[in-house]
Amino acid sequence: MTKYVRIGYARVSLAEKQNLGLELQVRALKKSGCKTIFKEEVSGSLDERKQMQKAIDLSKDYSRQGYNVIFYIYKLDRLGRHSSRAIQIIEDLNKNGVEVVSIKEQFDTSTPVGVLQYQMLATFSEFELNTIRQRTKEGLEQARLNGKKLGRPTLSQSTKEQIIDLYSNSDFSVVDIAQQVNVGVSTIYKIIKISGINNRRKR
């Protein structure tokens, strides 16, 4: 007997709670047969979405146990703001034996039509990425022509001296110093290396 597991994932950002609420998504997921549903309120632009990762990990775990696992979302954009991110997640799930279904778009990677939809999405995703790269390149070139200096601003001499002084004459850790002068830890180490400081009091 075929063993099926249906796992649902619902997400909203604070800005869209009125239009695409969690309750609406959860009802649709339950109607589709999902017994286990993960949900969270977080932006789709963030890579770290804890509940989504839990849903993915559980789906893979069931698949390894021999279950036929279907991962449900209400809409494809619940996986990420950009289609390129959604594609990555779908590919990862499919490679681990997990099918993906989008209720709103009637997207199902277990069917020929669903595979075609997926391929079309992948094509548009590649186009989207190329367009973003081109716009970024054009924006940087225009900034350069306008005389803008690109990249991170250089540290002032006074900031460098403050870093050296704090490192040489205090018990502050490198992390503490970085927070105090508002720079990265790697920058602190770089300044220390250039200054030739070898000894300091340990914490």
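Scope of the values below: all heavy atoms of this structure, side chains included, with no hydrogens, waters or symmetry mates.
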What is the minimum heavy-atom distance between Ile103 and Ala28, and which atoms define it? CD1-O, 3.6 Å

N/O donor to acceptor pairs below 3.5 angstrom from side-chain atoms of residues 50-59, sequence neighbours left out:
{"from": "Gln53", "atom 1": "NE2", "to": "Asp57", "atom 2": "OD1", "distance (Å)": "2.9"}
{"from": "Ser59", "atom 1": "OG", "to": "Ala55", "atom 2": "O", "distance (Å)": "2.8"}

Among all residues two or more places apart in sequence or in another chain, which pass the side chain to side chain contact (heavy atoms under 4.5 Å, CB included) test with Ala10? Leu22, Gln25, Val26, Leu29, Lys39

Partners meeting side chain to side chain contact (heavy atoms under 4.5 Å, CB included) with Tyr67 (sequence neighbours left out): Lys3, Val5, Tyr62, Gln65, Val69

State which residues pass side chain to side chain contact (heavy atoms under 4.5 Å, CB included) with Ile194; sequence neighbours excluded, sorted by chain then number. Lys190

Pairwise salt bridge (Lys or Arg N to Asp or Glu O under 4.0 Å) hits with a residue in residues 96-106, at least two apart: none

Set out, in order, the CA-CA distance, both residues' side-chain angles and the distance that settles side-chain contact (heavy atoms from CB on, under 4.5 Å) for Ile89 and Val100, then state yes or no. CA-CA 10 Å; Ile89 296 171; Val100 179; over 6 Å; no

Which pair of non-hydrogen atoms, one from Val174 and one from Val185, has the smallest distance, and what is that distance? CG1-CG1, 3.6 Å

Side-chain heavy-atom pair Val181, Ile188 within 4.5 angstrom cut-off: yes

When you measure from the side chain of Ser102 to the backbone of Phe107, do you find a donor-acceptor pair of N or O atoms at a distance under 3.5 Å? no

Using only atom types and a distance under 3.5 Å, with no angle test, would you say the side chain of Thr36 pairs donor to acceptor with the backbone of Ile7? no

Between Arg49 and Arg78, what is the shortest heavy-atom contact and its length? NH1-O, 3.7 Å

Under the 3.5 angstrom rule, does the side chain of Asn96 hit a backbone N or O of Val98 as a donor-acceptor pair? no

Residue pairs fulfilling salt bridge (Lys or Arg N to Asp or Glu O under 4.0 Å) with at least one residue in residues 59-69, sequence neighbours excluded: Lys60-Asp92, Asp61-Arg64

Reported OH-to-CZ distance for the pair Tyr9 and Arg11, which is rounded to 0.5 angstrom: 5.5 Å

